[in-house]
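Shown next, in structure tokens, is the structure this report addresses.
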Amino acid sequence: MRIDIITIFPEMFDGPFSHSMIKRAQAKGLAEIHIHNLRDYAVNKHRKVDDYPFGGGAGMVMMIQPVADCIDKLKVERNYDEIIFMTPDGVLFDQPLANKLSMVNNIILMCGHYKGIDERLREHYFTSEISIGDYVLTGGELAAAVVTDAVIRLLPGVLSDETSALSDSFQDNLLSPPVYTRPSEYNSWVVPDVLTSGNEKEIKKWQNEQAVDRTRLRRPDMLDK
Ligand code: 6GU
């Protein structure tokens, strides 16, 4: 799978993809992440990519041309399954959406900024729009990094069998049960007996009960789904 990210802050992506699973996914050739500096497609030598809004109002608006030129260039090179605008008024990102995106070949993530982006891009260029939650970030970059991480870790071969995404919280609409490791006693805090009993069947049953209890307590909304 290939993910192309368009941004005015390419340096913001130096960190998130250079470690752990996402680094390994790229090293193994399972995922390619390409960062594009929108200013390379700017309209003038001042590298301008935004302008004042028609009709007035606070804040700048991202212009059509740099974004269109960048996307057009990428589209000549390959077909894109999704061209996504990252914006707080997009569709809420969740596990089912991550699953869906992990099954396609090529995705563009465009990071929004300023007051917004020329509406004509939203009408004619993007196939969908994604928000990662009901709060406002300074730009779409961190959101694009979140989406990229959530999608790439689902690709076959990225996670090992033990850490398989199938047992994730949310994958079956349940939160994960609590986990413990050695020592079995610390400061008189003991690990639940069942986990050290060796009884596989009882352990599975306990874990499922814990997952249901935890979900009912913390995220009752998930049980309605
Ligand atoms: Cl995608 N962008 C911004 N700027 N803020 C957000 C967001 C995206 N998702 C949640 N908040």
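Positions are given from 1 along the sequence. Read the numbers this way: they start at 1 and go in the same order the structure lists the ligands and their atoms.
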Residue and atom name of the nearest protein heavy atom (relative to [atom]), distance in Å to one decimal:
atom                    : value
atom 10 (C) of ligand 1 : Gly133 O, 3.1 Å
atom 1 (Cl) of ligand 1 : Thr87 N, 3.1 Å
atom 11 (N) of ligand 1 : Tyr135 O, 2.6 Å
atom 5 (N) of ligand 1  : Leu137 N, 3.0 Å
atom 9 (N) of ligand 1  : Ile132 N, 3.0 Å

Euclidean distance, [Y] [atom2] relative to [X] [atom1], rounded to 0.5 Å:
X      : Y      : atom1 : atom2 : value
Tyr52  : Met60  : OH    : CE    : 5.0 Å
Thr215 : Met222 : OG1   : CE    : 5.5 Å
Asn106 : Glu77  : CG    : CD    : 10.5 Å

Ligand-residue contact atoms, ligand 1 with [X], heavy atoms, under 4.0 Å:
X      : value
Ala143 : 1 (Cl), 8 (C)
Gly139 : 2 (N), 3 (C), 4 (N)
Ile130 : 1 (Cl)
Met86  : 1 (Cl)

### Query
Between Pro88 and ligand 1, which residue portion shows a heavy-atom distance shorter than 4.0 Å: side chain, backbone, both, or neither?
both
### Message
Once you restrict to heavy atoms under 4.0 Å, what part of Asp134 touches ligand 1? Side chain, backbone, both or neither.
### Response
neither
### Query
Does Leu142 have a heavy atom less than 4.0 Å from any atom of ligand 1?
no
### Query
Just by distance, with hydrogens left out, do Tyr80 and Asn105 show a side-chain donor and acceptor under 3.5 Å apart?
no
### Ionic contact status for Arg2 with Asp4, cut-off 4.0 Å
yes
### Message
So that I can tick it off, tell me whether Asp89 and Arg122 are bridged by a salt bridge, with the cut-off set at under 4.0 angstrom between side-chain N and carboxylate O.
### Response
yes
### Task
Would you check if the distance from the ring center of His36 to the ring center of Tyr41 is below 6.0 Å?
no
### Query
Is there side-chain contact between Ile84 and Phe126, with heavy atoms separated by less than 4.5 Å?
no
